[in-house]
Structure formats: structure tokens, C-alpha cells
Protein chains: 2
Amino acid sequence: MQAPVHKRDANAARARILNAAQRAFATTGYSHTGIRAIAAEAGTSSTLLLRYYGSKAGLFEAALRDAMAVDNLVAMPPEEMAQTLARTLREEDNSARPMLMMAMASGEPEAAQIAARVFTERSITPMADYLGGADGQVRALELAMLAIGYVFFTKHLPLPGLAAAQTEALDAWFTRAVLDVVRPG
Amino acid sequence: MQAPVHKRDANAARARILNAAQRAFATTGYSHTGIRAIAAEAGTSSTLLLRYYGSKAGLFEAALRDAMAVDNLVAMPPEEMAQTLARTLREEDNSARPMLMMAMASGEPEAAQIAARVFTERSITPMADYLGGADGQVRALELAMLAIGYVFFTKHLPLPGLAAAQTEALDAWFTRAVLDVVRPG
DNA sequence: TTTATAAGTTATCAACTGATAACATCCGCC
DNA sequence: GGCGGATGTTATCAGTTGATAACTTATAAA
């Protein structure tokens with residue numbers, strides 16, 4: 001047999017696969033990302049990937065669930081939370097990754113259903129609890145709409161002719177809109 | 001040969017194909033919509049479809065370009081325009097169709113590039129001209145972000161546990177946000 | 001009436017996809 | 001020390017996809 005590149009370590013392999021999947025799904029989309037490509041990037045084979053995660057959809061769910069977390073956000077005071085949410089979504093690609101995965105996968109019926117469920121569990125619900133009140137869930141959804149819209153047109157779709165000055169203005173508008181939702185009135 | 005269902009009429013066939021494509025792309029997505037399925041729904045064959053539109057991507061571009069138009073909107077006074085934009089996006093499925101097609105197709109590199117180009121030409125630019133001023137384009141993009149976000153979570157992704165009362169509250173917020181962009185200050 | 005061409009069909013290809021079966025090998029436990 | 005399960009690999013399948021070639025038939029102009 002061909003000498004294995006990595007030492008035998010199932011946990012490490014699982015982690016490598018999960019990481020490769022997150023990157024791939026967020027950049028190439030769902031149906032255009034083959035399990036062979038993910039496995040290759042993780043330095044293993046598609047068969048092993050399937051053994052660990054059951055199916056491509058299972059891997060997608062695991063990858064999305066792992067990437068999506070608002071724990072650090074809901075530990076901050078409201079104003080700081082809003083600022084941080086807007087800033088991380090603007091600057092760090094990793095923060096926008098779950099949103100990108102959702103947007104990318106929303107075209108595939110199977111993946112879209114998974115995305116909706118995971119997003120509700122891991123983002124909407126905790127954020128609604130954090131915002132509190134009778135309209136907590138509605139406001140969490142408003143944040144989700146803003147976030148998807150912003151990520152969609154800044155990171156996801158390569159809009160031709162989007163100048164830097166416009167990006168700055170959009171950033172300012174987005175931050176203001178998030179603040180208005182978090183701290184209404 | 002089998003008796004043709006329709007009389008020979010190239011224009012009619014083209015139109016049937018375009019219509020079927022718009023419906024299919026907006027509901028099933030891009031990669032999950034086969035040209036065979038579109039052709040069948042149009043009562044013809046995939047070969048004819050390809051002869052008329054060159055390729056699947058070509059058909060997608062034609063369908064999107066045909067569906068996407070803001071002519072009626074930019075003929076209204078601002079306040080009415082905002083109200084109409086929000087209302088049609090809320091109520092009529094046909095109005096949200098271009099947005100759905102964009103959201104669905106954004107996961108496929110090829111289709112996403114087409115969508116970005118067509119959307120810029122047919123929506124962003126005319127809307128920017130309509131809004132006018134130095135920040136016209138930025139405000140047009142803000143509207144686009146709001147629209148995509150709203151459509152995404154109300155029509156596109158089937159979020160489990162989204163009650164009617166919440167939908168109403170979201171509609172109100174969305175309408176208000178659109179108005180704030182169109183008529184700032 | 002003849003004929004060129006547009007309109008439409010059937011058959012088929014080559015590539016890729018997710019998934020499965022069968023096989024090889026390393027490592028911990030008794 | 002050897003045995004069994006976990007870890008990993010290769011080969012292969014069956015289905016689907018977009019696209020093309022080759023073939024028919026209706027229609028409109030000369």
C-alpha cells in the first residue's frame with residue numbers, strides 16, 4: 001500500500017475533514033463541492049469521509065453546526081455586541097463563513113433544510129433569548145436579514161463596479177442598522 | 001415521428017421555455033434544475049432549448065434578465081415607490097422571483113457571475129439613477145441588501161417555527177427600513 | 001411545384017456524482 | 001504474541017448531467 005501521509009489518528013482526520021469542508025462549502029458552494037475534493041484537501045479519501053459523517057449532507061450539517069456560534073456575542077453588553085457583530089462580519093472572513101455557507105447552500109433543497117434548522121438552533125434562538133422580551137425573536141430575525149443581505153452583496157456575489165468608497169459607506173449604514181435593531185428607539 | 005403537441009411556432013416555444021425556466025430556477029435552484037425538466041415543462045425537448053439559448057447558463061441569463069425589471073418602480077414618486085417595493089416583495093411571488101433566482105443561483109460560480117452582472121445592469125443602476133445624488137448607488141445597494149435579506153428568510157429558506165404574528169412584525173420593520181433608505185433623515 | 005431552411009425529434013456521448021463493497025494494515029488489549 | 005476492531009485504501013457501480021450528432025418534417029418563398 002501507499003505510505004500514509006498522516007499518522008493514524010481518527011480525531012485528527014475528522015477535524016481535518018471538517019475544516020476542509022467548512023472552507024470548501026463556504027467558497028465553492030454545496031453541489032459544486034465534491035466529497036472527493038474535500039477529502040483530498042483533508043489528505044484522505046472520500047470513503048473515510050463518508051464513514052465518519054454518513055453522507056455529504058451529514059458532513060454539511062456537522063460543518064455548519066461547528067462553524068456557527070454566537071456564544072461570544074451573547075456574553076457582551078448590547079452596544080458592544082452590535083459593534084462586534086458588525087465589525088467581525090465586515091472584517092474577518094471566518095465570521096462570515098457560516099452566513100456564506102447558508103447563502104451558498106440555500107439553492108439545494110436538501111442542504112437548505114439543514115441550514116434553516118441549524119441556523120435557527122444555533123443563532124436565532126440564542127440571539128432571541130439574549131435580546132429578550134416579547135419581540136426578541138423578531139429582532140433576532142431582523143439581525144439575520146441584515147447580516148445575510150450585507151454578506152450577500154459584499155462577500156458572496158462579486159458585484160462588478162463596487163468601489164472602496166461605497167464599501168465604506170455601506171459598512172457605516174450596516175453598522176447603524178444593526179445598532180438600531182439591538183437598541184431600538 | 002410522434003405528433004407534435006404544439007403547432008410550429010418558434011417564438012411561442014421560446015416563450016414557453018423562458019417561462020418554465022423562470023419558474024423552475026426560482027423554485028428548484030440552478031444546479032437542481034435540469035434542462036430536460038425545463039424542456040418537459042415547456043412541452044418540448046432539451047435539444048431545442050439548447051439551440052435557442054446556447055447553453056444552460058445562457059438560458060439562465062435570459063430568464064433572469066427578462067424577469068428582472070424596475071421600470072414600473074422608477075416611474076413613481078419616492079414614497080409610493082418604497083411602499084410598492086415593500087408590498088410587492090411581500091405579497092406577490094412573481095415580484096420576488098428575480099431575487100429568489102439570484103439567491104438560489106448564488107452558490108454556483110457560473111450562475112452567480114451572471115446574476116451579479118444582470119442584477120447590476122437591470123436593478124442597481126436604474127435604481128441608483130432614480131435615487132440620484134452622489135450616494136445614489138450606495139442607497140440602491142442598501143435597498144438590495146434589505147430586499148435579499150427579507151426574501152431570503154421569508155420566501156427562500158423554510159425557517160421552522162416562524163409564526164404569522166412574527167411575519168407581520170417583520171413586514172412592518174422591512175417596510176420602515178426601505179422607507180428610511182429611500183427618504184433618509 | 002419544388003426546394004431550402006427552420007423547427008423539432010431520437011439516440012448517444014463523455015464526464016462527474018454520491019455511495020458501496022471488498023480488501024489491506026496498524027494498534028491496543030488479553 | 002496474536003487477535004479483533006478501528007483506520008485507511010482501491011476498485012467499481014449506477015444514476016444524472018449538459019451537450020452534440022444525425023435524422024425527420026413542416027412551412028414559406030421562388
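Protein chains get the first letters and strands the later ones, always in sequence-line order, with residue 1 at the start of each. Computed over heavy atoms, backbone and side chain alike; hydrogens, waters and symmetry mates excluded.
- By the 30° and 60° cut-offs, the orientation of the rings of Phe60(B) relative to Phe25(B) is perpendicular.
- Between the C1' atom of dG18(C) and the CZ atom of Phe60(A) lies a distance of 16 Å, rounded to the nearest Å.
- Legend: residues meeting salt bridge (Lys or Arg N to Asp or Glu O under 4.0 Å) with Glu79(B), ordered by chain and number and at least two apart, are Arg183(B).
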Can I get a per-line list of side-chain donor-acceptor pairs under 3.5 Å for residues 158-168 of chain B, giving both atom names and the distance, sequence neighbours left out?
| from | atom 1 | to | atom 2 | distance (Å) |
| --- | --- | --- | --- | --- |
| Gln166(B) | OE1 | Ala163(B) | N | 3.2 |
| Gln166(B) | NE2 | Gln137(A) | OE1 | 3.0 |
| Thr167(B) | OG1 | Ala163(B) | O | 3.1 |

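- Heavy-atom distances under 4.0 Å link DNA chain C to Thr47(A), Leu50(A), Ser55(A), Lys56(A) of residues 46-56 of chain A, given in residue order.
- Side-chain contact between Arg23(B) and Ile38(B) is absent, with no heavy atoms from C-beta onward closer than 4.5 Å.
- Every residue two or more places apart in sequence or in another chain was checked for a salt bridge (Lys or Arg N to Asp or Glu O under 4.0 Å) with Arg97(A), and none qualifies.
- Look at Ser45(B) and you'll find a side-chain N or O under 4.0 angstrom from OP1 or OP2 of dT9(C).
- Residues satisfying the salt bridge (Lys or Arg N to Asp or Glu O under 4.0 Å) criterion with Arg117(A), sequence neighbours excluded, are Glu61(A).
- The stretch residues 24-40 of chain B touches DNA chain D through Thr33(B), Gly34(B), Ile35(B), Arg36(B), each having a heavy atom under 4.0 angstrom from the strand.
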task = Assess whether side-chain hydrogen bond (donor to acceptor under 3.5 Å, both in side chains) is satisfied between Arg90(B) and Thr154(B), documenting all intermediate values.
result = CA-CA 9 Å; Arg90(B) 266 186 350 233; Thr154(B) 55; over 6 Å; no
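- Between Tyr150(B) and Phe174(B), the ring planes are parallel. Angles under 30° get that label, and only those over 60° would be called perpendicular.
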